[in-house]
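Only one structure is covered here, and it is reproduced in the block below.
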Amino acid sequence: MAAETFMRNLVRPDMSDLEWLAYQELDTQRQMESGLVIGDIATVRGHSGVASALEEMELDLVVGGPPCQGFSLAGRRNSNDRRNSLVWDFLDYVELASPKFVIIENVPGMNLKFSNQTIESDSVFSEVSKALGGIGAGYSVQKLKLNAKHYGAAQNRARLFLVGCRKDVAESKAVLVSPDIWESNFSDLVHGRPDLAPEPTQRSGDVPTVIDAIGDLEPGGELTTYVAELQDHLAWKLPRRLAISNHSPRRHRQAAVEKFDIYISLHEHGLDSLILRAGASESLARKRETAIRKAERTLVFPLIGRTGNVLAHSFEEWMKLIEKHKTFKHSQRVLGKSSVPPTVITSPDDYIHPNQPRVLTVRELARFQGFSDHFTFFSKETTGGLKRREEVPQYSQVGNAVSPFVSRAFGL
């Protein structure tokens, strides 16, 4: 699924659905010659044609975000989890290709120790860094923690990176690395930056907000400089798309729309959303009771929802509505119009549109990430249950991606 999006934006933008179906049936050698191999990295690495081609190419860069459970002793012993070996396969691929540079991305939790690790043991992040440094002729490795908002994206998204520069290149270019993790900041607040750290581009106080990123998608909304940049297809080296894609609001059941309407109403009145939280703990009960008493003093009835319908004619009726929609889900929240968007994740269910009783569209979340409007996401929109282990639908493609603003900074 992710391969289709990559192919039909960056390799063959004119490819039809039928051509894509036919492409998937090509053998590994022919796919490699065409610019995109679809498949397991171990299978690709073990292909003789790929191996010889990599040696001839003298690659500048290998980049990826392999799952790193495999660096946990406990994880590696779980032979049923295929993800546990992917990071080793990735590093084997790096050793085979011997590129000038390597970039590895992962979540901040990669720098935390597992519960069964000793005090003396390293975090997964440090172990991966050491492993990368010792591959082949060796790499000079810089550890980084970068936030997408420091690079121009409308999103508060911190991620860990390892940047490896092959030692012969590092020596010829006098590249120096620092032993500690370098953390990004706004461009006017940065003091000192390692050679392999991308330069922040965003000044403090100027981070695009939720409404800056998606306000123009509503009737009467204004086009901001942030969106104008994303709509410049030449700046992102993409083919021009005539219409905005991936912007189909999800069809919610009436009960879901009603619940979202309640969340928006609570947000607009400055009331705590934990009013809708189900749970039996004494602490939660006390906080919820305090929030409900504040709501009783604040709300004016009849209470009209965003759909134009009356949510409740009285406080008593409103309380019945609250009881009807109580949920154990604690992460669902309305996005504030003037706030910086939070980290985009793979599930669309956690964030509610500031003005409409619905979750956000793929395009709206892609705007937060910093994807150009000319970049189209392919395959099904979303999935659920056990299929989440093997499918990468549009929402997951957006949520798992590195912000293009960060990618561009690395490239520069």
Side-chain angles (χ1 to χ4, degrees), residues 63-69 71-72 87 102-114 122-129 132 141-164 177-210 212-214 226 230 330-331 333 335-336 338-348 350-351 360 364-371 395-412:
V63 57
C68 290
Q69 293 94 330
F71 272 85
S72 158
V87 68
V102 181
I103 300 176
I104 299 177
E105 178 263 3
N106 216 289
V107 296
M110 184 184 176
N111 196 40
L112 300 176
K113 293 183 180 181
F114 289 88
D122 288 326
S123 67
V124 176
F125 190 50
S126 294
E127 289 187 29
V128 177
S129 176
L132 177 59
V141 181
Q142 180 64 58
K143 292 181 281 191
L144 304 169
K145 184 177 182 181
L146 309 179
N147 196 315
K149 69 181 181 182
H150 297 147
Y151 294 89
Q155 184 185 184
N156 184 18
R157 184 188 188 88
R159 288 294 183 266
L160 294 176
F161 293 85
L162 292 173
V163 184
V177 297
S178 61
D180 301 319
I181 299 175
W182 183 80
E183 296 192 22
S184 66
N185 204 333
F186 293 108
S187 59
D188 53 317
L189 301 177
V190 170
H191 300 291
R193 178 173 58 90
D195 293 339
L196 297 180
E199 184 174 2
T201 58
Q202 186 72 51
R203 293 184 61 81
S204 58
D206 293 334
V207 180
T209 64
V210 168
D212 289 335
I214 65 174
Y226 177 77
L230 297 185
H330 61 83
S331 54
R333 60 189 169 114
L335 298 184
S338 59
S339 62
V340 176
T343 300
V344 173
I345 54 179
T346 58
S347 170
D350 283 0
Y351 303 141
L360 278 75
E364 287 166 337
L365 293 175
R367 286 277 188 86
F368 296 162
Q369 275 277 46
F371 279 98
Y395 277 107
S396 295
Q397 291 173 37
V398 175
N400 279 334
V402 170
S403 167
F405 281 96
V406 176
S407 299
R408 182 170 66 180
F410 268 119
L412 292 172

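We're numbering straight along the sequence, starting at 1. If you're wondering where the values come from, they're calculated on a predicted model, not measured in any experiment. The figures that follow rest on heavy atoms only: side chains count, while hydrogens, waters and symmetry mates do not.
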Pro208: which residues meet the side chain to side chain contact (heavy atoms under 4.5 Å, CB included) condition with it, sequence neighbours left out?
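Pro208 satisfies side chain to side chain contact (heavy atoms under 4.5 Å, CB included) with Ala154, Gln202, Asp212, Tyr226 only.
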
Could you pull out all residues at least two apart from Asn147 that satisfy side chain to side chain contact (heavy atoms under 4.5 Å, CB included)?
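So Asn147 forms a side chain to side chain contact (heavy atoms under 4.5 Å, CB included) with Lys149, His150, Asn156, Ala158, Ser184.
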
Euclidean distance, [Y] [atom2] relative to [X] [atom1], rounded to 0.5 Å:
X: Leu144; Y: Leu196; atom1: CG; atom2: CG; answer: 7.5 Å
X: Ile345; Y: Ser396; atom1: CD1; atom2: OG; answer: 10.0 Å
X: Asp195; Y: Ser178; atom1: CG; atom2: OG; answer: 9.5 Å
X: Glu199; Y: Phe410; atom1: CD; atom2: CZ; answer: 13.0 Å

[Y] backbone acceptor or donor facing [X] side chain under 3.5 Å:
X: Trp182; Y: Gly192; value: yes
X: Asp188; Y: Ser204; value: yes
X: Asn400; Y: Thr346; value: no
X: Glu105; Y: Val402; value: no
X: Arg367; Y: Phe371; value: no
X: Arg157; Y: Thr343; value: no

Given Ser187, Pro404, Pro200, the one that forms side-chain contact (heavy atoms from CB on, under 4.5 Å) with Tyr151
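Considering Ser187, Pro404, Pro200, a side-chain contact (heavy atoms from CB on, under 4.5 Å) with Tyr151 is found only for Pro200.
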
Could you tell me whether the side chain of [Y] reaches within less than 4.5 Å of the side chain of [X], counting heavy atoms only?
X: Asp180; Y: Lys143; result: no
X: Val63; Y: Val102; result: no
X: Phe125; Y: Ile181; result: yes
X: Leu335; Y: Leu360; result: yes
X: Ile103; Y: Phe161; result: yes
X: Ser338; Y: Val210; result: no
X: Ser347; Y: Tyr395; result: no
X: Gln142; Y: Leu162; result: no

Please list, chain by chain and in numerical order, all residues satisfying side-chain hydrogen bond (donor to acceptor under 3.5 Å, both in side chains) with [X], sequence neighbours excluded.
X: Asp350; answer: Lys329, Ser331
X: Gln369; answer: Gln155
X: Ser403; answer: none
X: Arg333; answer: none

Residues, nucleotides or ligands: over 12 heavy atoms within 6.0 Å of Arg203 CZ
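12 or below, so no.
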
So, for Val406 and Ala148, which heavy atoms are closest and what is the spacing to 0.1 Å?
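Looking at all heavy atoms of both residues, the shortest contact is CG2-CA, 3.8 Å.
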
